[in-house]
Amino acid sequence: MRADCVGLATGDRSWTAAPCDLGALEAGRPRWVLWSASSTPLLPLRPRRVWDLAAVHKVLYGGRRDDPVAVWAAAHELPVPAHHAGGLMLLDAALSPLEGYLVPVRVDGSLHPDAAELADPVRWAELALVVQARQEAALRQLPDPRADPGGPPLRVVTAWAESAAALLCAELEADGLPIDVREANRLVEAVIGNGDRAVRDAPVVQLLRGDDVDLRNPSSVRDALLRLGIDVPDTRSWRLEAYRQAHPLVDALLTWRKAERVATTYGFGWLEQNVRGGRLRGDWSAADGGAGRMTATAGLHSLPAELRPAVAAEPGHLLVRADLGQVEPRVLAAVSGDRGFALAAAEDDLYTPVAATLGVDRPTAKIAVLAAMYGQTSGAAGQALKQMEQTYPTALAFLRAAEEAGRVGNDVRTHGGRLVRVGTGGVGRFTRNAVVQGAAAELFKAWAAVVRNGLGDGQIVLCLHDELLLHVPAEQAQAAVALLHGALERTAGHWARGSGVRFVADVAVVHRWSDAKG
DNA sequence: TCGGTCACGTA
DNA sequence: CGTACGTGACCGAG
C-alpha cells in the first residue's frame with residue numbers, strides 16, 4: 001500500500017460561518033482528499049474531514065465503476081475506458097492538465113490504469129485535487145431541493161457524508177462487531193444441535209415414513225406435499241404457513257428449515273470463518289446497492305434475531321443502540337415537500353395523525369402509507385391508497401413521477417443528490433422506492449458521520465440501514481446517548497431544512513444487542 | 001465450473 | 001403488502 005494514495009489537504013470555502021452546526025460535517029480544514037478510503041492507509045489517523053473521490057463519483061454519476069480511471073474520466077466528461085485497458089504507456093505531458101510534469105495521463109486525456117504506481121506521489125496527489133475541484137463544481141451545479149436552502153449546499157454536504165461513510169466502512173472492517181463467542185456457540189447449538197445433518201433431518205424423515213424426499217430440493221418437497229394432498233405452487237415458508245394444521249409434516253418441515261438456515265449460513269462454520277478475537281468482521285461498502293444503501297458481507301446485515309444475544313459489550317463497555325423511527329415515511333414527507341404529510345411527520349407517531357385525517361384506524365393508515373411508498377399493486381390497500389392520493393397529493397405525485405421516470409428509462413436523483421441509474425427497459429417500482437430508500441440511506445449516513453466524529457473512545461460497530469450500534473466505555477454511554485439525539489437533530493435540521501419534518505431516534509443503553517429498549 | 005432458481009435472514 | 005441486499009443448496013448446461 002502506497003502512502004501517497006492520500007491526496008493533499010484542501011480547505012472548504014465560503015460557508016465556514018454556516019448557521020447550522022453540523023458537527024462532523026462541518027466545513028473546515030484540513031479536508032483529506034482520498035482516491036478511495038478502502039485503499040488508503042489512513043485508518044490510524046481517524047481523520048475528521050475527508051473527500052473520497054470514489055464515493056463522490058458514485059453520488060454524481062451512479063454506476064458500478066469507482067476506480068481512479070473511471071473517476072478521472074467522469075470528472076473530465078470523457079468516455080470511461082474499458083476496465084484495465086492497460087497496454088502501452090502513451091503519456092503526453094504537453095496535453096496533460098499539469099503541464100511540465102510527467103503525469104500518467106494519456107494523449108486522449110484518460111488516466112493510465114497503472115497511474116497510482118506510475119505517478120510521482122506528489123503528482124498523484126495533485127491529480128486527486130484536480131478531480132476534487134471538478135467534482136465539487138459539478139455538485140454545485142445541481143439545484144438545492146430543500147424548502148429552505150441555507151448553510152453549505154446540500155449536495156456538498158452529501159459529498160462530505162458519503163466520504164465519511166466510506167471511511168467508516170474501512171473502520172467497521174477493521175474494528176468488527178463485538179461477539180460473546182461462548183454465547184454464540186451456545187445459541188447455535190440450541191437451534192441446530194451438534195450440527196449432524198442426519199440427526200437434524202430425522203424428525204422430518206420419520207414423518208415421511210419411507211417416502212424418499214430430498215428436503216433440500218424444493219421440487220422434491222413440493223411433490224411430497226402433493227402426495228399428501230397439499231397442492232402449492234412453491235414451498236416458501238410464508239405459503240406453507242397456512243398449511244401448518246393440514247399435516248404434521250408441514251410444521252416439522254418449517255421447523256427444520258429454520259434450523260437448516262442457521263446450520264448452513266450462521267452455524268459453527270460461519271463463526272469459525274468470520275469471528276477473530278471476539279469480533280465478527282465482514283466487508284463493508286458505503287453505497288453498493290442501487291439506491292445507495294450500505295452493504296456488508298459475513299451476514300452482518302442479516303443476523304437472525306435468535307443469535308443477537310451473542311452481540312455483547314466487552315468488559316468495561318456498553319452498547320448503545322439507536323434506530324430511526326418511521327424513517328421512510330418521514331423522508332417521503334421531507335423530500336416531496338407535501339405540507340400536509342409533513343404536518344403528520346412533525347409528530348412522534350406519524351401514523352396517528354394520518355389515520356385521523358384519512359378517517360381510518362392506525363393499522364390501515366400504516367398499510368396505506370407503505371402501499372403508497374412501495375407501489376403495492378395487490379391486496380386491500382386499494383381504497384386506502386385512493387384516499388392517500390386525495391389527502392397527500394404532493395407526496396403521491398412525487399412518487400408517481402419517480403415511478404414514471406423509471407418506467408420510461410430515465411435516471412432519478414435522490415434528495416441528497418445521488419444519481420440512481422436505470423437500466424434499459426426501466427423498472428418503475430424500483431425508482432419509486434429508490435427515491436425514498438436512497439434518501440433515507442444518505443440521511444442515515446450523514447447522521448452516522450456526525451456521530452462518528454463526536455464519539456470519544458467509542459466506536460460505531462454496526463450500521464443497519466436505520467440503526468446504529470455503538471460500543472463505548474461504560475462511563476461514556478450517557479454522553480453517547482446525548483450525542484445520538486443531538487447529531488440527528490443537527491443533521492436532519494440541515495438535510496430537511498424548512499420541511500417541518502421531525503426525525504426521531506429510539507436510543508437504549510444495553511449490554512447485549514438483544515436487550516429490551518428502555 | 002458456471003449461471004439460474006429457490007429459499008430465507010435482515011432493513 | 002412492496003423494495004433492497006448477501007448467502008447457500010440445488011439444478012441443468014457446458
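Sequence lines set the chain letters: A, B, ... in the order given, protein chains first and strands last, and positions in each chain run from 1.
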Report task. Just call it for A/R308: base, sugar-phosphate, or nothing, with non-hydrogen atoms closer than 4.0 Å on any strand. Result -> sugar-phosphate

Query raised in the report: Strictly under 6.0 Å, is that where the ring centroids of A/H57 and A/W35 end up?
Result: no

Report task. Have a look at A/A298 and say if it touches a base, only the backbone sugar-phosphate, or nothing, with a 4.0 Å heavy-atom cut-off. Result -> sugar-phosphate

Requested in this report: Between C/dC1, B/dA11, C/dC10, spot the one nearest the side chain of A/L370, thanks.
Outcome: C/dC1

Requested in this report: For the residue pair A/H471 and A/H317, categorise the inter-ring angle as parallel (less than 30°), tilted (30 to 60°) or perpendicular (more than 60°).
Outcome: parallel

Query - Comparing A/Y374 and A/N217 on DNA chain C - which has the more 5′ nearest nucleotide - result: A/Y374

Query raised in the report: Where the side chain of A/R429 is concerned, which of B/dC8, C/dG2, C/dG6 is the nearest nucleotide?
Result: C/dG2

Query - Euclidean distance, atom CH2 of residue A/W270 to atom C1' of B/dC8 [Å, nearest integer] - result: 15 Å

Query raised in the report: Do A/R200 and A/E260 sit within salt-bridge range, that is, some charged N less than 4.0 Å from a carboxylate O?
Result: yes

Query raised in the report: Of all the choices, C/dA9, C/dG6, C/dT3, which nucleotide is nearest to the side chain of A/R261 once you look at every atom?
Result: C/dG6

Query raised in the report: How close or far is atom P of C/dC5 from atom CG of A/D288, stated in whole angstroms?
Result: 8 Å

Query raised in the report: In terms of side-chain heavy atoms of A/D214, which of C/dC11, B/dA11, C/dT7 is nearest?
Result: C/dC11

Query raised in the report: Heavy atoms under 4.0 Å, any strand shown: does A/L300 hit a base, just sugar-phosphate, or nothing?
Result: nothing

Report summary line: Atom CG of A/L464 and atom P of C/dG6 are separated, to the nearest Å, by 14 Å

Report summary line: Picking from C/dA4, B/dA7, B/dT10, the nucleotide nearest the side-chain atoms of A/A305 would be B/dT10

Query - Between C/dT3 (C1') and A/D466 (CG): distance, integer Å - result: 14 Å

Query raised in the report: Across the strands shown, which category fits A/S219 at heavy-atom distances under 4.0 angstrom: base, sugar-phosphate, nothing?
Result: nothing

Could you pull out all donor-acceptor pairs under 3.5 Å where a side-chain atom in residues 176-183 of chain A meets a protein atom, sequence neighbours excluded?
residue : atom : partner : partner atom : Å
A/D180  : OD1  : A/R182  : N            : 3.3
A/D180  : OD1  : A/E183  : N            : 3.1
A/D180  : OD2  : A/R512  : NH2          : 3.1
A/E183  : OE1  : A/R186  : NE           : 3.1
A/E183  : OE2  : A/R186  : NH2          : 3.3

Query raised in the report: Heavy atoms under 4.0 Å, any strand shown: does A/G290 hit a base, just sugar-phosphate, or nothing?
Result: sugar-phosphate

Query raised in the report: Does the pair A/R227/A/D211 count as a salt bridge with the N-to-O cut at 4.0 Å?
Result: yes

**Report entry** Any A/R293 side-chain nitrogen or oxygen under 4.0 Å from OP1 or OP2 of C/dA4
**Finding:** no

**Report entry** Phosphate OP1/OP2 of C/dA9 contacted by A/T264 side-chain N/O (<4.0 Å)
**Finding:** no

Requested in this report: Please state how far atom CZ in A/F444 lies from atom P in B/dA11, giving the value in whole angstrom units.
Outcome: 12 Å

Output side-chain donor-acceptor pairs under 3.5 Å for residues 266-276 of chain A, partner residues at least two apart or in another chain, one line each.
residue : atom : partner : partner atom : Å
A/Y266  : OH   : A/S302  : O            : 2.8
A/Y266  : OH   : A/S302  : OG           : 2.9
A/W270  : NE1  : A/A298  : O            : 2.9
A/N274  : ND2  : A/W270  : O            : 3.0
A/R276  : NH1  : A/E272  : O            : 2.8

Query - Presence of A/S302 side-chain N/O under 4.0 Å of B/dA11 phosphate oxygens OP1/OP2 - result: no

**Report entry** Any A/R257 side-chain N or O less than 4.0 Å from OP1/OP2 of B/dC8
**Finding:** yes

Query raised in the report: A/R64 has an atom CZ; how far is it from atom P of C/dC5, in whole Å?
Result: 9 Å

